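Here's the structure we're looking at; comments come further down.
This one's a predicted model, so the numbers in the text were calculated from it and none came from an experiment. Whatever order the structure lists them in is the order used to number ligands and atoms, beginning at 1. Note that the numbering runs from 1 along the sequence shown for the chain. All values below come from the heavy atoms of this structure, side chains included, with hydrogens, waters and symmetry mates left out.
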Amino acid sequence: MLLRQFSTCSKTMRKVLPVDLKSKTKTISSQHWLSRQLSDPYVEKAKLLNYRCRSAFKLIEIDDRFKILHPGDIVIDCGASPGSWTQVAVKRVNSDGLNNKLPRGTVLALDKQQIYPIKGATIFGNMDFTVPESQKKLFDYLNGEKVHVVISDMAPNATGVRDLDTENIIKLCYAALRFALQISRNNASLLVKLWQCGELKILENDMARYYSNVKVVKPNSSRSDSTEIFLLGRNFKGLKDSLSTSVLL
Ligand SMILES: C[S@@+](CC[C@H](N)C(=O)[O-])C[C@H]1O[C@@H](n2cnc3c(N)ncnc32)[C@H](O)[C@@H]1O
């Protein structure tokens with residue numbers, strides 16, 4: 001019980017705890033993290049398959065089910081560090097490794113943190129996606145070419161204040177949506193990560209104005225005790241065929 005209480009203790013709650021309790025909290029939550037890592041089959045599988053983290057399996061599951069990544073596609077991965085989604089995207093848009101005869105895809109990976117190089121991907125590290133100049137760099141790189149898929153696993157640093165954290169992740173989702181509307185070709189897909197919250201339905205409705213098919217997805221590899229959820233929009237209608245674009249753009 002004690003373990004449970006401390007392991008769920010947020011950073012904010014820790015701030016008000018006395019010093020000896022703070023270090024106890026830290027120790028217990030590190031122990032909890034460690035035992036969860038050790039018993040997590042996806043952590044082991046990620047190591048075996050050389051993925052940088054277990055998140056890879058979330059994209060793998062979503063793509064196995066909805067087929068959003070195809071050989072030859074141009075993909076933008078927002079919030080890509082350490083890079084497991086980028087690894088998956090590179091494999092899938094180049095089919096088998098990088099050596100076969102199917103068309104070669106393009107994967108642009110960006111993050112406000114550093115991203116260690118990934119063969120087959122173009123890296124934009126230390127780049128805050130919400131800054132207009134960052135997005136301009138991606139537009140410039142593509143030189144007018146429109147993309148097939150935008151994926152965003154971006155998540156803000158948790159403050160421990162639930163409403164603030166929600167507001168921050170929703171802002172990132174809308175930044176990804178606005179960007180996707182401008183850079184996507186017709187029939188493109190957009191995948192964004194957020195947390196279960198009141199704004200989920202609003203975002204889903206906003207996406208449905210631009211994508212013919214919008215689904216809420218919770219892959220099995222997303223921890224069941226996490227409120228993390230994904231919204232997948234498929235079949236981008238193009239801006240001309242969408243309703244009231246001015247609200248978002
Ligand atoms: C859950 S991690 C992504 C994991 C990644 N999909 C993978 O599979 O390796 C979330 C990432 O979002 C990034 N992020 C958060 N806000 C961002 C922003 N404004 N611009 C760029 N990246 C951001 C964080 O730096 C962090 O690396």
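- In terms of modelled atom types and a separation under 3.5 Å, the side chain of Asn94 and the main chain of Val90 share a donor-acceptor contact.
- Taking the centre of each ring, Phe179 and Phe139 come in below the 6.0 Å mark.
- Remark: ligand 1 and Lys112 share an N or O pair separated by less than 3.5 Å (distance only, no angle test).
- Residue Phe129 approaches ligand 1 through these ligand atoms, each under 4.0 Å from one of its heavy atoms: 18 (C), 19 (N), 20 (N), 21 (C).
- Shown here are the salt bridge (charged side-chain N to carboxylate O under 4.0 Å, His left out) partners of Lys171, two or more places apart in sequence or in another chain: Glu167.
- Atom 6 (N) of ligand 1 has its closest protein heavy atom at Asp153 OD2, 2.8 Å.
- The protein heavy atom nearest to atom 4 (C) of ligand 1 is Ser81 O, 3.2 Å.
- Atom 26 (C) of ligand 1 has Asp111 OD2, 3.5 Å as its closest protein atom, hydrogens excluded (heavy atom only).
- Asp40 has a carboxylate O that lies under 4.0 Å from a charged side-chain N of Arg223, or vice versa, which qualifies the two as a salt bridge.
- Residue contacts with ligand 1 leave out Ala56, since none of its heavy atoms falls under 4.0 Å from the ligand.
- Ligand 1 has no N or O atom lying under 3.5 Å from any N or O atom of Leu172, backbone or side chain.
- Classification of Glu133 and Lys136 as a salt-bridged pair fails, no side-chain N sitting under 4.0 Å from a carboxylate O.
- Applying the salt bridge (charged side-chain N to carboxylate O under 4.0 Å, His left out) rule to Lys193 yields the partners Asp153, Glu228; only residues at least two apart in sequence or on another chain are considered.
- Summarising the contacts of atom 12 (O) of ligand 1 with Met127, Met154, Gln114, the nearest heavy atom is found in Met154.
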